[in-house]
Novice: 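Got a structure here, written out as structure tokens. Questions coming.
Order of the sequence lines sets the chain letters (A, B, ...), proteins ahead of strands, with each chain counted from 1. Because the structure is a prediction, the values reported are computed rather than measured.
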Amino acid sequence: MSGSSSQGSLHALADRWLPKLVLSPTLAASLIFVYGFIAWTGWLSFTESRLMPRYEWAGFVQYQALFENERWWTAAANLGLFGGLFILFCLLVGLLMAVLLDQKIRAEGMLRTIYLYPMALSFVVTGTAWKWMLNPDMGLQKVVVDLGFTDFTFDWLVNPDMAIYTVVIAGVWQSSGFVMALFLAGLRGIDDSIIKAAQVDGASLPTIYRRILIPSLRPVFFSVLLILSHIAIKSFDLVMALTGGGPGNSSDVPAIFMYQFAFTRGQLGVGAASAMMMLFTIVAVLVPLMYMETRSAKRV
Amino acid sequence: MKLKRLSAAVLAASLFPVAAQAADVEVLHWWTSGGEAKSVAELKKMMSAQGVTWKDFAVAGGGGDNAMTALKTRVVSGNPPTAAQIKGPAIQEWGAEGVLADIDAVARAGNWDKQLPPVVSRVMKYKGKYVAAPVNVHRVNWLWANPEAFKKAGATVPKTWPEFFAAADKLKKAGIQPIAHGGQPWQDATLFESVALGVGGADYYQKAFVKLDKATLAGPTTVKVFETLGKVKTYIDKGAAGRDWNLATAMVINGKAGMQFMGDWAKGEFTAAGKVPGKDFICTDAPGTQNAFTFNIDSLAMFQQKNPAAVQAQAKLAATVMSPAFQEVFNLNKGSIPARLDTPMAKFDDCAKKSSFDMSAASKGSKLVPSFAHKMAMPSATEGAMVDVISQFMNSSMTAQQATERLARAGAVR
């Protein structure tokens, strides 16, 4: 009897401590490797660091150098353009595909897999494939010209004013399937009886979607925005593979800027300052979003 | 105190078991492509003949960016390799971090000051002491031309800028792309610096891009350089954006394009395609740059070693790198020319011979200038800012005047 009771207390002890024990390495690792390094980068951004880290305080000189750099503003403007359009089109295309797939059509499973498949590719593959397709000398333009439409031009990839939009195209192609999957899951989670009740009340299908289904997808919108906005802000590999930041530096984004200044130009301080600016951008987008999401969750 | 230092040394040694042992040399480099790898294998052979074990530390990719990242981690952790492939003012930047080794004794024994052109030896020294050994010299201000394309168009290979534009017009009329170019920032800068040297001359180049003199950079010569570059731009096809340099060279090889501005590493592409210099392709100075020479030198910078045996091995490495035997065999494989002026050139091809001859001539006439597009002339921050301006000019409708103003501003970035 006494054996089983001590076993019970052992169980209780394990129940209390085991989860914490198992989680602690992960917690320690993320404290050091995420928050620790964020703090280190923040510190470096206030020093005179050039080729290698140095730790004398230098105030805001690196931020000043950053804000005087025209290339930084090109990168920042491109991020705004790319981020805005990328998120907008991913939401629109994803939602549309989800609604269409939701119509209990045949072969839905297959279609869903096809649309979701780009998600399985890395951004490097997406970028390289689209680079070939958009290249005026061997891609889409050449195909259409060879078909006989000799006036056709589609040279966005090599046009400094339009190159950033090709990144939007490739990004939307890659990510909208994933957005669709999230929305579809959200739609399927809605109680059928609500729809039936609406139908009994005589609401048409578009009205049901507009007034009932899409508004109840509100939490899904938050998750999607959360995921897409951080994909947009940290985007590096897609731009690198597709345009390399070019032509010139017309499709530069902050992540590429940061990498080049910190690691190839011996301006670690400026690189660290731009990394901090990226962090602030993420915080500025995510904190209100998360606040609104938790508030709406409480209300429900 | 002594004990403390000893225990610290023991601790350091036990912490870093990968540190170069007694007679080892560990060399960080990114000579990994065909001809380059062959060249490195020669150095390895020569070192093991002297009883020194070679530990290869090759980091490929990114034009050395990846290797530099690896090097930084090693130096920060207090465990630097024996030597690393570092060039130009970057040697000064590393010297300022206080991590490079003084190899002046080796240099004095080998009489390096006599063997190297003064412009070159200056790059190898930090505060008057040798800290690096040069392995080769690339010439950047070359113009590569396809003689058959020129014959078809009835044009002659140009020596001046007016001749250049006349030839380009004829090529265009004959349906041949006049200039093969790749729209990557470093290629734009390579083209720019050949134009600058041709239009402005060596004195202007020296003042503007080596001394970074603000008045010269903002002056009318720079405007003229940009105007010429803007004209050159019109002979480049739209598909050039992001094209790799060797694909552009291939366009000259197969006669799709007439000319290319590129350093002498382009020769490797021609010879790999079975072409013979002088017959199937022409190497000549970029227009207006006769007798001038923009150099791009690869060198091995030496890092401070704790172990005395490692210091000895390092000295052997430095001496071997500068030996005529190594300079000859390395450069025969790589397509560049030896940094030592007295290396026999008999085994080299015509382009290399011309390059070597021009280098000594340019050195005497003080027309031997460092290539800034290849990180030889200015701090990397300044170079980056200038390249940004140049590639923006190449890819927008910026006027020559605006570009000059921006370039002058970029020249002040440190």
Novice: For B/Val75, is it the side chain, the backbone, both, or neither that has a heavy atom closer than 4.5 Å to a heavy atom of chain A?
Specialist: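 Side chain only.
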
Novice: In Å and rounded to the nearest 0.5 Å, what is the CG to OG1 distance from A/Leu242 to A/Thr166?
Specialist: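 Between atom CG of A/Leu242 and atom OG1 of A/Thr166 there are 4.5 Å.
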
Novice: Quick check on side-chain contact (heavy atoms from CB on, under 4.5 Å): which of B/Arg243, B/His181, B/Met259, B/Gln260 does B/Met251 satisfy it with?
Specialist: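 Only one option passes, and that is B/Arg243.
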
Novice: Just wondering, more than 12 heavy atoms not from B/Lys72 lying within 6.0 Å of its NZ?
Specialist: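 Yes, enclosed.
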
Novice: Let me know if B/Val387 has heavy atoms under 4.5 Å from chain A in its side chain, its backbone, both or neither.
Specialist: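 No part of B/Val387 comes within 4.5 Å of chain A.
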
Novice: Hey, what do you get for CG (B/Leu28) to CG (B/Leu71), rounding to the nearest 0.5 Å?
Specialist: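 Reported to 0.5 Å precision, the distance equals 5.5 Å.
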
Novice: Under 4.5 Å heavy-atom distance to chain B, tell me which part of A/Pro247 shows up: side chain, backbone, both or neither.
Specialist: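 When you check distances to chain B, atoms from both the backbone and side chain of A/Pro247 fall under 4.5 Å.
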
Novice: Taking heavy atoms only and a threshold strictly under 4.5 Å, list by residue number the residues of residues 392-399 of chain B that touch chain A; give 'none' if the list is empty.
Specialist: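 Only B/Gln392, B/Asn395 of residues 392-399 of chain B have a heavy atom under 4.5 Å from chain A.
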
Novice: Taking all atoms of both residues into account, what is the closest heavy-atom pair of B/Ile176 and B/Gly255, and its distance?
Specialist: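 Scanning both residues completely, I find the closest heavy atoms to be CG2-O, 3.9 Å.
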
Novice: Name, in order of residue number, those residues of residues 85-98 of chain B that have a heavy atom at a distance of less than 4.5 Å from a heavy atom in chain A; otherwise write 'none'.
Specialist: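 B/Glu93, B/Trp94, B/Ala96, B/Glu97, listed by number.
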
Novice: Give me the contact list for residues 21-37 of chain A versus chain B, heavy atoms only, anything under 4.5 Å, ordered by residue number.
Specialist: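 Residues qualifying by a heavy atom under 4.5 Å from chain B are absent, so none.
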
Novice: For B/Ala196 versus B/Phe209, what's the shortest heavy-atom pair and its separation?
Specialist: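 Taking every non-hydrogen atom into account, CB-CE1, 3.9 Å.
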
Novice: Please look at B/Ala385 and chain A and tell me whether the side chain, the backbone, both or neither of the residue comes under 4.5 angstrom of a heavy atom of that chain.
Specialist: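 Contact with chain A involves the backbone of B/Ala385 alone.
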
Novice: Where does B/Asp388 contact chain A at under 4.5 Å (heavy atoms): side chain, backbone, both or neither?
Specialist: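 Contact with chain A involves both backbone and side-chain atoms of B/Asp388.
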
Novice: Determine, for A/Glu48 against A/Arg54, whether the closest basic-nitrogen to carboxylate-oxygen distance falls under 4.0 angstrom.
Specialist: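 Salt bridge flag = no for A/Arg54 with A/Glu48.
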
Novice: I need the contact set between residues 139-160 of chain A and chain B: heavy-atom distance under 4.5 Å, sorted by residue number.
Specialist: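 The list, in residue order, reads A/Asp155, A/Val158, A/Pro160.
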
Novice: Any chance you could measure B/Phe192, atom CZ, to B/Thr228, atom OG1, to the nearest 0.5 Å?
Specialist: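 The OG1 atom of B/Thr228 is 10.0 Å from CZ of B/Phe192, to the nearest 0.5 Å.
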
Novice: Supply the atom-to-atom distance A/Leu79 CG to A/Met277 CE, rounded to the nearest 0.5 angstrom.
Specialist: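 Interatomic distance, A/Leu79 CG to A/Met277 CE, rounded to 0.5 Å: 11.0 Å.
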
Novice: Measure A/Glu70 against the heavy atoms of chain B and call it side chain, backbone, both or neither at under 4.5 Å.
Specialist: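 The answer is the side chain of A/Glu70.
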
